[in-house]
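First comes the structure, then the notes that go with it.
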Amino acid sequence: MLHLADITANLDIYTAGLIKRNLPQASELLAKVIKLDEDRKATQHKLDNNLAEANLMAKQIGGLMKEGKKEEAERAKSKTAELKQENKALGDKLAGIQAELQGKLYQLPNIPHTSVPAGNSEEDNEEIKREGEIPLLHEKAVPHWELIRQYDIIDFDLGVKITGAGFPVYKGRGARLQRALINFFLDRAEAAGYKEMQTPIVVNEASGYGTGQLPDKEGQMYHIDEEDLYLIPTAEVPLTNIYRDVILNEEDLPIKNVGYTPCFRREAGSWGAHVRGLNRLHQFDKVEIIQIVKPETSYNTLQQMCNYVEQLLNDLNLPYRILRLCAGDLGFTSALTFDFEVFSAAQNKWLEVSSVSNFENFQANRLKLRYKNENGQKQLLHTLNGSALALPRILAAILENNQKENGIAIPEVLRPYTGFDRIGER
RNA sequence: AGAGGAGUGGCAGAGUGGUCGAAUGCGGUGGUCUUGAAAACCAUUGUACCGCGAGGUACCGGGGGUUCGAAUCCCUCCUCCUCUGCCA
């Protein structure tokens, strides 16, 4: 959520930022928000004054009662009725204004960083780096959805039987390989100074609002009606909401946490012929890193997190490219996002496996996540996160890129985790 | 899940209708004393909003209600504890 005082102080920047986000009516939207805030202040001021008066009268009545002046007290009481009614109306009005203001603010996305290219769709994303060699596959090479059948390591039909489409069953060496990747990612993160956290994978509404999945993306999350809870679409939600309503000390910073969780996405409407196999699932595993840092260091941190992700891809020996997302493709809460895509050779396709973002204080403002600076003032922090990494597409790329005529070679770094160096015929 | 009990400031813990934003203790911060430290003593110490300021308002688990007035009474939800039941 954008910070109201910041908007007022830097109206031009915010207007331009939202226009870049393809919100041509930004100026009117912000004017409305500012107007609402002014209304809020005026109404609250009036209500506060009235309440002060009512408090005073109540005290006087109390005094009169004590002195035994019952009649005077009764007379004073009758005078409060009108004031009370007025305050009730003012209170309702204030609540209405606040709800409307809150609603408007919730609908405003974060403003893009200056380096974010203009654009409407993924077509306009800027490729800033390409690394690694695209493997030459043998003649009979096939996409991963063939390979998993051939080697019997992932079973979509079983998933359909148990649950439905998009919930695969990992079997034998397939399961082992996935577990190896999870452990590899967690160990690496820990070595890089991230603290491992195991969180709930079901969250309440407040958490959804805290990181920005709610109010507008509820269609993307599975909802448990009975308890009014949501299945997490990413570990970002629980990992970051740990710090909701928290005031940190300067020496606690930076916060660096990592968590492995399953993630659940309804992906309503995004299914199609181009999405096959492991490319898009309703349930998938992901290791997520988050950082909470002082505002002035957050872009260094973003770079550092990108370097970290890059190193993982290098170590897995996967060809990848890095994209700077354009304004139109940028997530609602993000100021700057780098997407990492690996090349899955048999599909001849780039697959997004990580998204590393700086949210600046957008989430922190919703979360009320602050720290006490050296002057004792409370200041909003910056939050960042990144996938490190998302499992299924990494798996797809490993399977496709490393396929030989007699099996699939396991990347060196994973062998200590898998305990085998290839996946062969069943 | 059923029965009972409880949720108060960083922590512990008083307060059951009116000078209570809240006693007291611990902790924190500043100071006195000391070569230094400890102890002792003095002062100070919640959050948010409005206001240039003086100051005002709200907050005693969340929401609603009764009352001139609510931490205190009522309703409701949440959480924790004890006992019973169930269970990985």
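Any value given below was found using the heavy atoms of this structure, including those in side chains, with hydrogens, waters and symmetry copies removed. Keep in mind that what you see is a predicted model, and the values were worked out from it rather than measured. So you know, we letter chains A, B, ... as the sequences are listed, proteins then strands, and number each from 1.
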Side-chain donor-acceptor pair present, A:T383, A:Q363, cut-off under 3.5 Å | yes

Separation of atom NE2 in A:H45 from atom C1' in B:rG53, rounded to whole Å = 13 Å

Determine whether the side chains of A:H382 and A:Y299 contain a donor N or O and an acceptor N or O closer than 3.5 Å.
-> no

Using the P atom on both, measure B:rG5 against B:rC73 and round to a whole Å.
-> 14 Å

Would you check if there is a donor-acceptor pair between the side chains of A:Q291 and A:Y194 at a distance under 3.5 Å?
-> yes

Any strand is fair game: report the nucleotide pairing with B:rC52 by Watson-Crick or G-U wobble, both distances under 3.5 Å, or none.
-> none

With a non-hydrogen cut-off below 4.0 angstrom, is A:K79 in contact with a base, only sugar-phosphate, or nothing?
-> nothing

Tell me: CD of A:E205 to C1' of B:rG62, nearest whole Å?
-> 13 Å

Who is the Watson-Crick or G-U wobble partner of B:rG9, with both distances under 3.5 Å?
-> none

Does any N or O donor sit under 3.5 Å from an N or O acceptor when you compare the side chain of A:D48 with the base of B:rG56?
-> yes

Expressed in whole Å, how much space separates the C1' atoms belonging to B:rA71 and B:rC59?
-> 11 Å

Quantified in whole Å, what is the P atom distance between nucleotide B:rU79 and nucleotide B:rU44?
-> 41 Å

Is it true that the NZ or CZ of A:R173 lies under 6.0 Å from the centre of A:F420's six-membered ring and within 45 degrees of the ring axis?
-> yes

May I have the distance from A:N49 (atom CG) to B:rC49 (atom P), rounded to whole angstrom?
-> 18 Å

Atom C1', compared across B:rU29 and B:rU19: separation rounded to whole Å | 30 Å

Between A:A52 and A:D37, name the one whose nearest nucleotide on RNA chain B is closer to the 5' end.
-> A:D37

Mind checking who B:rA3 pairs with, Watson-Crick or G-U wobble, both distances under 3.5 Å?
-> B:rU82

Nucleotide paired to B:rG17 in any strand shown, Watson-Crick or G-U, under 3.5 Å = none

With rounding to whole Å, what would you report as the distance between B:rG46 and B:rC42 at their C1' atoms?
-> 23 Å

Pairing partner of B:rA22, by Watson-Crick or G-U wobble and under 3.5 Å for both distances, is none

Nucleotide nearest A:R40 (side chain, heavy atoms from C-beta), chosen from B:rC49, B:rG56, B:rU47 = B:rC49

Verify the distance criterion only: is there a donor paired with an acceptor across the side chains of A:Y260 and A:Q198 at less than 3.5 Å?
-> no

Quick one: A:L367 CG to B:rU47 P, roughly how many Å, whole number?
-> 19 Å

Do nucleotides 68-79 of chain B as a string where each nucleotide becomes B, S or -: B if the base has a protein heavy atom under 4.0 Å, S if just the sugar-phosphate does, - if no protein is that close.
-> BS----------

Inter-nucleotide C1' distance (B:rG61, B:rC80), Å rounded | 11 Å

Partner of B:rA71 by Watson-Crick or G-U wobble geometry, both contacts under 3.5 Å, or none?
-> none

Distance-only polar pair, side chains of A:Q213 and A:Q220, donor-acceptor under 3.5 Å | no

Rounded C1' spacing from B:rG10 to B:rG63 in Å = 27 Å

Classify the ring geometry between A:Y222 and A:H282 as parallel (under 30°), tilted (30 to 60°) or perpendicular (over 60°).
-> perpendicular

Measure the distance from CD on A:E53 to P on B:rU57 and round it to the nearest whole Å.
-> 12 Å

Quick one: A:D245 CG to B:rG10 P, roughly how many Å, whole number?
-> 13 Å

Write down the distance between CG (A:L51) and C1' (B:rU57), rounded to a whole number of angstrom.
-> 7 Å

Expressed as a whole number of Å, how far does the C1' atom of B:rG17 sit from that of B:rU67?
-> 9 Å

By the Watson-Crick or G-U definition, both distances under 3.5 Å, B:rC41 is matched with B:rG31

Interatomic distance, A:Q44 CD vs B:rC59 P [rounded to whole Å] | 12 Å

Residue-phosphate contact under 4.0 Å: A:R370 side-chain N/O, B:rU47 OP1/OP2 = no

Would you say the side chains of A:N241 and A:R244 form a donor-acceptor pair under 3.5 Å?
-> yes

Tell me yes or no: between the side chains of A:Q403 and A:Y151, is some donor less than 3.5 Å from an acceptor?
-> no

